[in-house]
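Reviewing the structure listed below.
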Amino acid sequence: MRLRSFGEMGTNVFNQNLKITQLGKSGRIEEAIKIFSQMTKKNTVTYNSMVSAYAKNGRIRDARHLDLFSWTLMITCYTRNGELQKARELFNLLPDKQDSVCWNAMIAGYAKKGLYEEAKKLFYEMPVKNLVSWNSMLAGYTKNGEMHIGLQFFEEMAERDVVSWNLIVDGFVEVGDLDSAWKFFKKIPEPNVVSWVTMLCGFARNGRIVEAQDLFEQMPIRNVVSWNAMLAAYVQDSQIDRAVRLFSEMPERDAVSWTTMINGYVCVGKLDEARQLLHRMPYKNIAAQTAMISGYVQSKRMDEASQIFNQIGTRDVVCWNTMIAGYAQCGRMAEAQFLFNLMTNKDLVSWNTMITGYAQAGQMDKALEIFDVMGKRNIVSWNSMIAGFLQNGLYLDALKMFLMMRKEGRRPDQSTFSCGLSACANLAALQVGEQLHHLILKSGYVNDLFVSNALITMYAKSGRVFNAELVFRDIGNVDIVSWNSLIAGYALNGYGKEAVELLEEMLIEGVAPDQVTFVGVLSACSHTGLVAQGLKLFKNMTQIHKIEPLPEHYACLVDLLGRAGRLEEALKLVLEKKVKATAGLYGALLGASRIHRNLELGKYATEKLLELEPHKASNYVLLSNIHAEAGRWSEVERIRVLMSERIAAKQPGCSWIELGNQVHSFLSDDAAQPRIAEVCSIPKTLTAELNCRTCVSDMKSSLLDIL
DNA sequence: CTAGGGTTAG
């Protein structure tokens with residue numbers, strides 16, 4: 001029996017390489033071969049030693065053969081690592097270019113990085129092409145989602161094996177075109193386990209669990225990977241009981257099975273079960289332990305997370321990143337920063353996690369600092385910054401970041417576009433939004449649901465709800481967010497009837513409305529005075545659709561009744577306290593009392609608002625105004641005092657406008673603004689124009705020129 | 001050259 005001890009003298013790679021060289025020199029080639037073949041870990045020196053050992057003993061053919069093998073090994077190592085420059089240098093020095101393996105490795109390396117021209121050059125230059133060469137080119141196209149070219153290439157292939165077919169299926173799965181994937185899967189002459197697993201994962205990733213299950217049951221041969229794929233399918237579908245049963249029925253389990261199962265428990269919040277499973281796992285690896293940490297992180301149980309973290313002997317980047325993300329999500333940025341500083345092997349994810357953390361903590365200055373300092377950035381770094389500005393209400397900064405990104409020659413992706421559109425929506429920046437729409441059409445991201453839904457909201461909030469409708473009708477596979485966005489868009493623009501009709505269409509199509517849908521429809525009813533309709537819909541919501549009403553729904557109802565002058569019923573709804581009292585609820589009541597000039601009700605609503613939001617200055621102003629209207633000046637004074645006690649400084653209203661190529665920002669009552677009198681007169685003009693239904697958001701801005 | 005697990009953006 002062979003010993004596998006680590007510390008034993010003479011068994012490390014270095015010493016064995018030396019031994020091979022010595023044996024070779026003294027003519028003991030058979031002993032050298034024996035050592036070489038027994039070595040479990042070999043490096044390039046090992047191969048070189050063996051090559052010279054063969055050469056010195058006259059076995060030139062063996063030497064050449066092994067030498068080529070060693071070249072091939074090094075080149076494929078580089079290409080698999082994506083280090084194409086180094087691979088190419090070796091490839092150019094290659095003494096014997098007859099063998100196709102190195103060519104294929106180079107082609108695969110270039111093609112996978114999307115460098116099709118380089119790949120093609122080698123492909124057409126190579127002396128003898130085989131199927132692997134063709135498949136390597138094909139993999140380049142399919143792995144990058146270039147299915148048009150990929151399919152064309154596939155058609156040109158004189159000969160195809162199961163790998164070629166699998167690549168096509170995988171490509172379609174990656175771009176989410178399951179119908180095409182299925183079409184090709186069925187055409188595979190002799191599908192193997194890989195084909196079946198690829199298709200199964202495709203169904204699983206797209207929530208088509210029944211089809212995944214059918215496929216699994218039909219599989220002629222199953223290996224661990226097949227079982228793991230089915231397990232992952234149940235986990236993704238949150239069917240934890242089925243996952244547990246499958247896990248117990250599995251004929252064989254490897255580290256991936258255990259990790260998947262632990263992750264399954266984590267996904268449904270069963271952390272104790274996950275912990276027990278980790279405890280039972282025969283050989284705990286980092287992936288499983290990290291899954292556990294991730295579970296604790298999601299429940300903000302950082303003490304237990306760090307307990308697992310501390311148990312890990314050799315920690316890799318991923319588990320560090322998970323811990324940092326955990327502290328960041330808990331708003332504990334000091335600790336996140338501490339760990340980050342401790343890391344010696346930071347990768348892009350580590351940096352991006354810090355950006356996201358600071359952004360979520362509202363510290364965009366810090367996020368920007370990290371972004372500026374980091375050496376390399378990827379698309380996620382940019383998107384995290386843009387999303388951060390967006391979340392903090394800094395919409396203009398978000399757009400500026402978008403611009404800067406394009407100036408640096410980076411291509412925006414689905415996430416960038418949907419964030420950019422969201423910024424436009426919040427600014428009602430129609431023209432910038434339209435420019436983005438053009439870019440999206442050119443970039444091919446029109447079919448992305450995140451993007452389409454963001455387009456709907458952008459148009460709706462910019463007052464072009466019929467453009468929103470066009471976008472909606474163009475989507476092939478609408479989801480609940482699409483429906484909700486358009487309904488909310490109708491509501492916002494005062495199209496109550498259309499909102500209700502869209503809900504009806506949704507029901508006919510068999511799509512189940514959710515809480516958000518009804519917030520949209522009810523607010524549409526209240527904005528357009530569809531009182532009876534709104535009340536009926538609210539009843540349907542609870543009784544037919546079994547949707548638990550939120551405070552927002554009650555706020556809509558109060559608004560609905562209040563606007564119609566049914567103040568007593570509105571007040572009754574609020575007093576019944578069927579939901580948590582929120583600012584929105586009393587806000588609706590206040591709105592109604594202002595329309596119908598009911599001072600007492602207004603006073604009541606505002607006082608409640610003050611209780612809920614004691615630090616919001618506008619509430620004090622509202623209450624003060626009510627008393628002022630009634631001439632109760634002592635009360636006005638009392639509220640002024642109250643406000644100055646509770647709020648350090650009144651946040652001045654701030655806005656900006658772009659004229660020509662300049663941004664003019666101004667505060668309300670800003671004496672420093674040279675043309676404040678003119679600025680203050682603008683709203684009156686605007687209000688007049690608004691009555692003609694023109695769009696306020698037609699700002700000419702420097703953004704437009706650059707987009 | 002093809003399939004499965006743990007971390008960051010919407």
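The sequence lines fix the lettering, A, B, ..., with proteins before strands; numbering per chain opens at 1. What's counted below: heavy atoms across the whole structure, side chains too, no hydrogens, waters or symmetry copies.
One interatomic measurement links the two molecules: CH2 of A:Trp196 to P of B:dT2, which rounds to 22 Å at whole-angstrom precision. If you take CG of A:Asp161 and P of B:dT2, they are 12 Å apart, rounded to a whole angstrom. Regarding A:Leu271, its CG atom lies at a distance of 16 Å from the P atom of B:dG6, rounded to whole Å. Taking atom CG of A:Asn263 as the reference point, atom P of B:dT7 lies 7 Å away to the nearest angstrom. One interatomic measurement links the two molecules: CZ of A:Phe184 to P of B:dT2, which rounds to 19 Å at whole-angstrom precision. Residue A:Phe216 contributes atom CZ, which lies 14 Å from atom C1' of B:dA3 at whole-angstrom precision. The nearest whole Å value for the distance from the CD atom in A:Glu252 to the C1' atom in B:dG5 is 15 Å. A straight line from CG of A:Asn135 to P of B:dA3 spans 12 Å, rounded to a whole angstrom.
Of the candidates B:dT2, B:dT8, B:dT7, B:dT8 carries the atom nearest the A:Val380 side chain, counting heavy atoms from C-beta on. Closest approach to the A:Thr356 side chain among B:dT7, B:dA3, B:dT8 is made by B:dT8 (side chain taken as heavy atoms from C-beta onward). Side-chain proximity of A:Val318 to the nucleotides B:dT2, B:dT7, B:dG4 is greatest for B:dT7.
A:Asp316 places a side-chain N or O within donor-acceptor distance of the main-chain N or O of A:Cys319, the cut-off being under 3.5 Å. A distance-only check finds a donor-acceptor pair linking the side chain of A:Thr322 to the backbone of A:Val318 [under 3.5 Å].
Using a 4.0 Å heavy-atom distance criterion, A:Ser415 is classed as a base contact. A:Ala108 comes within 4.0 angstrom of the backbone, heavy atoms only, and of no base. At a threshold of 4.0 angstrom between heavy atoms, the contacts of A:Asp316 include nucleobase atoms, whether or not backbone atoms are also involved. Using a 4.0 Å heavy-atom cutoff across all strands shown, A:Gln391 reaches sugar-phosphate atoms only and no base atom. Among the protein residues, A:Asn223 comes within range of the nucleic acid bases, having at least one heavy atom under 4.0 Å from a base atom. If you check every strand for non-hydrogen atoms under 4.0 Å, A:Asp254 touches a base. Among the protein residues, A:Ala387 comes within range of the sugar-phosphate backbone only, with heavy atoms under 4.0 Å from sugar or phosphate atoms but none that close to a base. Residue contacts for A:Ala454: at a heavy-atom cut-off of 4.0 Å it reaches no nucleic acid atom on any strand shown. Among the protein residues, A:Leu167 comes within range of the sugar-phosphate backbone only, with heavy atoms under 4.0 Å from sugar or phosphate atoms but none that close to a base.
Summarising the local packing, CD of A:Glu190 is surrounded by 12 or fewer heavy atoms from other residues, nucleotides or ligands at distances under 6.0 Å.
Just one of A:Trp258, A:Tyr265, A:Tyr234, A:Trp227 meets the ring-ring contact (aromatic ring centres under 6.0 Å, His included) condition when paired with A:Phe247; it is A:Trp258.
Between A:Ser294 and the phosphate of B:dT7, there is a side-chain N or O to OP1/OP2 separation shorter than 4.0 Å. For B:dG5, the OP1/OP2 oxygens have no side-chain nitrogen or oxygen of A:Gln289 closer than 4.0 Å. Between A:Lys284 and B:dG5 there is no side-chain polar atom (N or O) within less than 4.0 angstrom of OP1 or OP2. For A:Lys346 and B:dT7, the shortest distance from a side-chain N or O to OP1 or OP2 is not below 4.0 Å.
With rounding to the nearest 0.5 angstrom, the CH2 atom of A:Trp351 is 4.0 Å from the CZ atom of A:Phe340.
A donor-acceptor contact under 3.5 Å links the side chain of A:Asn285 to the base of B:dG5. The base of B:dG10 is not paired with the side chain of A:Ser418 by any donor and acceptor separated by under 3.5 Å.
The two residues A:Leu399 and A:Cys424 have their closest heavy-atom pair at CD2-SG, 4.0 Å.
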